[in-house]
Amino acid sequence: MQEALSATATLGVVLIGSGVVAMGIVAKTSRPSLLFAGAAAVFIASYTLIDGTAVRRAGASLPYVLWLTAVQGAVFAVGAALVRGRRIAPELRARWKTSLLAGVFSGGGYAVALWAMEQAPIALVAALRETSVVFAALLAVAFLKESLGVRRIVAATVVALGAAFVRFG
């Protein structure tokens with residue numbers, strides 16, 4: 001599976017990555033936090049490539065998502081039952097609506113990303129997924145009353161510019 005990106009799209013990927021990294025650095029995080037964030041980035045890149053390759057080999061994203069969700073759901077349910085035992089039932093009754101809503105949004109977002117990987121180069125989809133840090137920053141301002149600051153605005157602008165380059169590249 002060889003995918004070639006145009007120079008414009010490649011510049012967009014680099015801008016998005018730079019903006020995301022800048023967003024993390026601006027947050028005045030500690031060195032260990034940055035190392036963990038770097039490790040998380042490696043894992044995210046790995047599962048993105050695995051998912052993109054698998055969904056293309058499967059031939060369609062919907063069956064892939066449904067099977068993966070069913071298998072993971074079963075594994076997590078067994079794990080929760082083993083760890084929590086009977087104490088899990090009251091938690092499930094108390095939080096089933098929120099859990100269901102979170103599951104639908106999470107699964108829906110994942111399904112859309114996999115569908116996009118069927119349609120476009122995986123690198124482009126992966127880069128565009130990372131624009132979520134901009135939305136997270138905006139939500140933090142709106143709901144958590146955090147300040148955005150000039151550096152975060154610049155980092156977010158770099159990410160948005162990168163997304164535009166990816167789109168038009």
Taking all heavy atoms of [X] and all of [Y], pick out the closest pair and write down the distance.
X: Thr157; Y: Ile153; value: OG1-O, 2.7 Å
X: Val55; Y: Ser61; value: CG2-CA, 3.2 Å
X: Gly52; Y: Met117; value: CA-SD, 3.4 Å
X: Ala113; Y: Val125; value: O-CG1, 3.8 Å
X: Ile44; Y: Thr48; value: O-OG1, 2.7 Å

Ion pair present between Glu91 and Arg95, side-chain N to carboxylate O less than 4.0 angstrom?
yes
Nearest 0.5 Å please: distance from the [atom1] atom of [X] over to the [atom2] atom of [Y].
X: Leu138; Y: Ser132; atom1: CG; atom2: OG; result: 11.5 Å
X: Phe165; Y: Leu11; atom1: CZ; atom2: CG; result: 5.0 Å
X: Arg129; Y: Ile16; atom1: CZ; atom2: CD1; result: 13.0 Å
X: Leu114; Y: Arg56; atom1: CG; atom2: CZ; result: 11.0 Å

Taking Arg87 for its side chain and Arg84 for its backbone only, find out whether a donor-acceptor pair lies under 3.5 Å.
yes
Apart from Leu101 itself, residues in the same hydrophobic cluster as defined by side-chain heavy atoms under 4.5 Å:
Phe105
Could you give me the CA-CA distance, side-chain angles and deciding distance for Val159 and Leu15, then say whether side-chain contact (heavy atoms from CB on, under 4.5 Å) is met?
CA-CA 6 Å; Val159 171; Leu15 286 171; over 6 Å; no
Within residues 98-116 or reaching into it, pairs that qualify as side-chain hydrogen bond (donor to acceptor under 3.5 Å, both in side chains) - sequence neighbours excluded
Asp51-Tyr110
